[in-house]
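Worksheet: one structure, shown below.
Proteins come first, then strands; the chains are lettered A, B, ... in the order of their sequence lines, and each starts at number 1.
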Amino acid sequence: MERYNFKTIEKKWQEKWIKSGVFKSKIDHSKEKFYCLEMFPYPSGKIHMGHVRNYTIGDVLSRYKSLQGFNVMHPMGWDAFGMPAENAARENNLDPKEWTNKNISNMKSQLKKLGLSIDWDREISTCSEEYYKHQQLFFLELYEKGLVYRKENYVNWDPVDKTVLANEQVIDGKGWRSGAVVERKKLNQWFFNISKFSQELLDGLDDLKLWPNKVKIMQKNWIGKSFGCEIAFKTEGDIPVKEIKCFTTRPDTLFGFSFLALSVDHEISKYFLKNKEFQDFKTECSKTGTTEEAIAIGEKIGFKTNLEAINPLNPKQKVPVFFANFVLMDYGFGAVFGCPAHDQRDFDFAKKYGLSIKTVVKPDGEKESFEVKDEAYSGPGVLINSEFLNKLKAPEESIKKTIDILEEKKIGKKKINFRLKDWGVSRQRYWGCPIPMAYDEEGNVVKIPKNNLPVKLPDNIDLNSKGNPLDSKTDWKNFTMNGKKYIRETDTLDTFVCSSWYYLRFCSPDNLKYGYKQEEIDYWMPVDQYIGGVEHAILHLLYSRFFTKAIGFKNNSFKFKEPFEGLFTQGMVCHETYKDQNNNWLSPEEIELVGNQYCKKGDKKNKVKVGPSESMSKSKKNVIDPENIINSYGADAVRLFILSDSPPEKDVQWSDQGMVASFKFLQKLWILHTKIKEKIKNNNNNNSEDKTLQKYTNQMINKITNNLNGFNYNVIIANIYETYNFLNKEIEKKINSKVLKDSYKKILILFSPAIPHFTAECMDELGFIDQIKWPKIDKNLLDEERIDYVVQINGKKRAILKESRDIDQNSLMKKIRSNELSKKYLKDKSINKIIFVKNRLINLLINE
RNA sequence: GCCCUCGUGGUGAAAUUGGUAGACACAAAGGACUUAAAAUCCUUGCCAUUUAUGGAGUGCCAGUUCGAGUCUGGCCGAGGGCACCA
């Protein structure tokens with residue numbers, strides 16, 4: 001028998017699909033649209049198994065939706081700016097653009113081998129001028145709307161490499177490349193005013209019904225809305241500032257006030273800069289916080305000033321003012337009122353500096369004399385020791401009342417605070433989108449005129465220069481406009497900006513005038529299903545939501561509020577990890593099994609330690625190269641395996657045996673296909689109705705449709721195996737050819753989203769490839785005529801009776817009484833109660 | 001510390017949403033075919049004496065119910081997110 005030759009068959013269909021243009025998408029108002037988008041990849045050079053999983057999931061969905069009659073758009077592009085290109089180019093003495101474009105063409109051909117239903121006409125690359133010129137225009141437009149601004153902010157500064165480091169490049173407080181101790185340095189940087197949309201971004205989450213709850217909760221926590229009160233504390237001391245504002249969520253504990261703590265960057269710190277002790281303290285603070293240990297221990301340190309703050313509700317009480325390391329400048333006002341009895345952090349601080357700890361809330365059920373001892377109490381209760389606030393219920397009633405009093409006295413007011421900070425978009429890097437701004441000779445900020453866009457990234461860059469390469473590219477940096485001299489902004493945009501609007505660009509990738517075309521956006525947006533890794537749950541998704549709101553707000557032209565209607569976060573692909581005797585990581589190809597012990601290949605003495613299964617990563621070498629796998633087993637087999645073992649939202653373990661099994665399964669399926677083909681040809685038109693096959697097929701349509709709708713793709717693969725097992729037995733019987741052909745056609749369509757090449761070949765052989773539609777469920781066939789009734793006695797399953805559908809309780813009881821089991825379990829015992837569930841079970845309660 | 005999710009055979013997992021627990025697959029053991037191996041096919045799956053039969057059984061303890069993997073409360077364990085957020 002002929003083997004299934006995936007190599008020729010997959011290639012054949014991939015070429016046919018491209019030639020016929022079946023995946024091309026264009027506006028068609030007669031059809032409902034479906035925009036399916038997977039997070040586009042960074043062109044690192046090769047695709048990895050994570051991509052295979054991500055894009056297979058998206059492809060199954062796209063193909064399924066097409067078969068259902070939707071007008072599907074399924075595009076792909078490249079998140080092509082970013083540091084790896086710069087690093088790789090430096091190491092290999094290459095141009096980042098060349099490196100990136102080479103990677104793109106390689107990865108594109110790899111993706112094509114997976115047989116994805118992608119409309120490649122819509123391909124975009126964020127590092128192309130055609131893409132980033134629109135991004136620069138967006139930047140200017142947002143700037144004009146006041147949504148972009150410049151301010152000084154701290155960065156991680158590597159004093160040896162003279163460069164800014166991302167947080168993940170700082171390891172134990174040192175630069176990853178130079179090893180130098182990282183400093184905090186203030187730089188002027190560009191910011192997007194995302195915090196302006198805090199409330200909107202929070203409210204929008206409620207509309208995202210097709211998002212995982214987990215992601216919505218993560219975003220909600222990230223935005224971090226808190227209700228409270230701002231209070232102005234009068235201060236006494238030898239500085240000109242006589243008032244300090246604090247934000248608090250617990251104004252009701254004001255009578256437990258024992259100190260005021262300020263961030264070292266608080267504006268009044270300038271009056272202490274001459275003080276050497278304060279300077280030392282500030283240095284100390286900047287050291288802690290960078291190392292992970294320091295954060296874990298979280299030791300609280302303070303610097304006591306000679307200032308005193310007055311309790312606004314009790315002017316007789318004066319407390320010391322400290323600078324403290326735990327107060328953040330960019331939350332609230334950078335100042336905290338300390339109530340040690342009811343806040344653990346304040347408690348720790350008060351213990352360390354011997355400050356008073358006055359209890360003002362007692363838990364319900366405690367005596368009036370209750371006192372906080374070993375730890376702060378932050379739960380509910382009743383106010384005590386608080387004069388006119390006594391006996392109020394904490395927290396709701398007491399907070400409300402206190403705010404009323406403070407507002408009345410004009411000392412404070414109700415306030416809502418968000419944790420979400422503005423988005424710093426400046427990167428001191430070469431390989432990114434240039435920021436279209438400049439500075440005149442006086443240092444004033446100037447926009448690059450829109451008709452001068454794009455500001456092109458210069459070629460021939462010296463990547464080995466210290467600091468930002470654009471800074472030393474003086475012929476690019478300096479320019480004249482209308483006879484005046486200017487200096488360009490040398491920072492480039494965070495690559496998250498590129499990915500914040502690419503879903504808009506896919507709708508009209510060739511539009512030269514603007515980032516998108518209104519008509520196309522109106523039709524295609526929003527993305528119906530977005531699919532990607534959960535690691536982007538916060539930043540990328542939040543930034544994209546912001547961008548949609550900001551651009552829509554600017555142009556007042558979007559019919560949608562949110563970019564991604566549905567979100568699916570898939571799990572990672574994991575593999576065991578291996579280390580040799582010298583603790584070096586080994587890849588799966590570098591080991592072999594000797595007996596039941598893994599050893600380094602060709603070195604039997606070097607025993608390999610098998611570590612836990614972890615997400616595939618280059619650093620741990622536990623990677624399987626998809627290209628090798630596709631070459632050995634074919635795309636359909638890989639798709640089958642990657643979908644089969646675990647639900648798509650969970651991590652999946654890579655298994656060589658599982659992969660081989662998927663491959664073998666397709667071979668078996670091919671044999672079955674040839675048998676079925678023969679049977680159909682035999683044209684056996686006996687009159688038997690063959691309801692069994694029709695019913696089974698119908699049930700499978702129901703199951704697979706439901707499982708596709710619910711993203712239970714692993715169960716679909718099980719359904720495919722099940723169907724095979726059934727057909728493989730059924731085929732031995734006499735079957736009406738017409739019924740067989742009809743059912744088999746439907747079954748092939750059901751299989752086709754998962755294994756498209758294989759089924760295309762089969763359909764073609766049967767001559768119906770051009771007219772396929774997702775099969776409909778025949779409701780008349782769905783209900784079985786005979787049903788397995790579970791007979792329980794006192795809740796225990798005792799028998800299963802196959803009886804006709806819709807049988808009533810009495811008839812079923814008669815059957816039970818005439819049945820063997822009644823003699824055994826019922827005998828002469830009387831039945832106290834019968835629970836009868838139609839078409840399902842009957843439960844007889846008897847006295848034992 | 002706070003928030004979220006999840007605990008089902010040797011393993012990955014199913015379970016029409018309160019109604020036959022373990023579909024489907026991997027691994028293992030036994031068997032068939034074969035001179036043999038590979039490949040393929042079949043059987044087994046925890047405990048009790050047996051292909052039949054009974055019992056226990058979905059992390060642990062209680063509860064609701066005729067009936068709980070599924071609902072409620074408490075505990076234990078694993079994973080993830082935030083991290084001095086006032």
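- When both pairing distances are held under 3.5 Å, B:rA39 makes no Watson-Crick or G-U pair with any nucleotide shown.
- Distances were taken from every side-chain heavy atom of A:Leu328 (C-beta onward) to each of B:rG81, B:rA83, B:rA86; the shortest belongs to B:rA86.
- Here the two rings, on A:Phe568 and A:Trp211, have centers that are 6.0 Å apart or farther.
- Look at CE on A:Met218: it is 17 Å from P on B:rG79, rounded to the nearest Å.
- Dense packing is recorded around NZ of A:Lys695, with more than 12 heavy atoms of other residues, nucleotides or ligands lying under 6.0 Å away.
- For A:Ala661, taking side-chain heavy atoms from C-beta onward, the closest of the listed nucleotides B:rA86, B:rC26, B:rC84 is B:rC26.
- One atom, CG of A:Asp656, and another, P of B:rC26, lie 14 Å apart when rounded to the nearest Å.
- Rounded to whole Å, the separation between the P atoms of B:rG22 and B:rA29 comes to 25 Å.
- Atom pair A:Ile717:CD1 and B:rA25:P shows a separation of 12 Å (rounding to whole Å applied).
- Counting non-hydrogen atoms under 4.0 angstrom, A:Lys668 reaches the backbone sugars and phosphates but no base.
- Residues A:Thr249 and A:Ser226 approach most closely at CG2-CB, 4.1 Å, considering heavy atoms.
- Taking the syn range as angles within 90° of 0, the glycosidic angle of B:rG7 is outside it, so the base is anti.
- Nucleotides B:rC82 and B:rU8 place their C1' atoms 31 Å apart, quoted to the nearest Å.
- Under the Watson-Crick or G-U wobble criterion, with both distances below 3.5 Å, B:rC75 is paired with B:rG59.
- Between A:Leu202 atom CG and B:rC85 atom C1' the separation is 15 Å, expressed in whole Å.
- Spacing between B:rG9 and B:rG79 at atom C1', rounded to whole Å, works out to 22 Å.
- With a 3.5 Å ceiling on both atom-pair distances, B:rA27 lacks any Watson-Crick or G-U wobble partner.
- Judged purely by distance below 3.5 Å, without hydrogens or angles, the side chains of A:Lys838 and A:Gln809 never pair a donor atom with an acceptor atom.
- Between the base of B:rA86 and the side chain of A:Arg345 there is a donor-acceptor pair shorter than 3.5 Å.
- Using a 4.0 Å heavy-atom cutoff across all strands shown, A:Tyr721 reaches sugar-phosphate atoms only and no base atom.
- With its glycosidic angle more than 90° from 0, B:rU16 is assigned anti.
- A pairwise comparison of heavy atoms in A:Tyr578 and A:Pro588 identifies CE1-CA, 4.0 Å as the closest pair.
- Residue contacts for A:Ser662: at a heavy-atom cut-off of 4.0 Å it reaches no nucleic acid atom on any strand shown.
- Distance OH (A:Tyr331) to P (B:rA86): 4 Å, rounded to an integer number of Å.
- Nearest to the side-chain atoms of A:Ser226 among the listed nucleotides B:rC26, B:rA86, B:rC82 stands B:rA86.
- Nucleotide B:rA52: unpaired (no Watson-Crick or G-U wobble partner with both distances less than 3.5 Å).
- Taking atom C1' on both B:rU20 and B:rA14, the two are 14 Å apart, rounded to the nearest angstrom.
- Separation of the A:Phe257 and A:Phe337 ring centroids falls under the 6.0 Å cut-off.
- Residues A:Leu541 and A:Val215 approach most closely at CD1-CG1, 4.2 Å, considering heavy atoms.
- Rounded to a whole angstrom, the distance from the P atom of B:rG10 to that of B:rC46 is 8 Å.
- Regarding A:Phe333, its CZ atom lies at a distance of 17 Å from the P atom of B:rC85, rounded to whole Å.
- Phosphate proximity of B:rA38 to A:Lys664: absent, as no side-chain N or O sits under 4.0 Å from OP1 or OP2.
- Between A:Asn725 and B:rA25 there is a side-chain N or O to OP1 or OP2 distance below 4.0 Å.
- Taking atom NE2 of A:His266 as the reference point, atom P of B:rC85 lies 17 Å away to the nearest angstrom.
- With both ends at atom C1', the span from B:rC76 to B:rC61 equals 10 Å, rounded to whole Å.
- Pair assignment for B:rC2: B:rG81, on the basis of Watson-Crick or G-U wobble contacts that are both within less than 3.5 Å.
- Of the C1' atoms belonging to B:rG81 and B:rG67, the separation is 39 Å, rounded to the nearest Å.
- The aromatic rings of A:Phe496 and A:Tyr543 lie perpendicular to each other, with more than 60° between the two planes, well past the 30° mark.
- The closest side-chain heavy-atom distance from A:Ser644 to A:Asn714 is not below 4.5 Å.
- Contact between the side-chain N/O atoms of A:Arg3 and the OP1/OP2 oxygens of B:rA39 is not found at any separation under 4.0 Å.
- At whole-Å resolution of the value, CG in A:Asn728 and C1' in B:rC42 are 13 Å apart.
- Note that CD of A:Glu803 and CG of A:Asn839 are 11.5 Å apart. Values are rounded to the nearest 0.5 Å.
- For A:Gly332 and A:Ile217, each mapped to the nucleotide of RNA chain B holding its nearest heavy atom, the one lying further toward the 5' end belongs to A:Ile217.
- Within 4.0 Å of A:Leu845, counting heavy atoms only, lie sugar-phosphate atoms of the nucleic acid but no base atom.
- You won't find any donor-acceptor pair under 3.5 Å spanning the side chain of A:Lys220 and the base of B:rC3, going by distance alone.
- Going from the C1' atom of B:rU65 to that of B:rG54 covers 26 Å, rounded to whole Å.
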Sequence-aligned protein contact record of nucleotides 11-21 of chain B, with B where the base is within under 4.0 Å of a protein heavy atom and S where only the sugar-phosphate is
-SSS-B--BBS
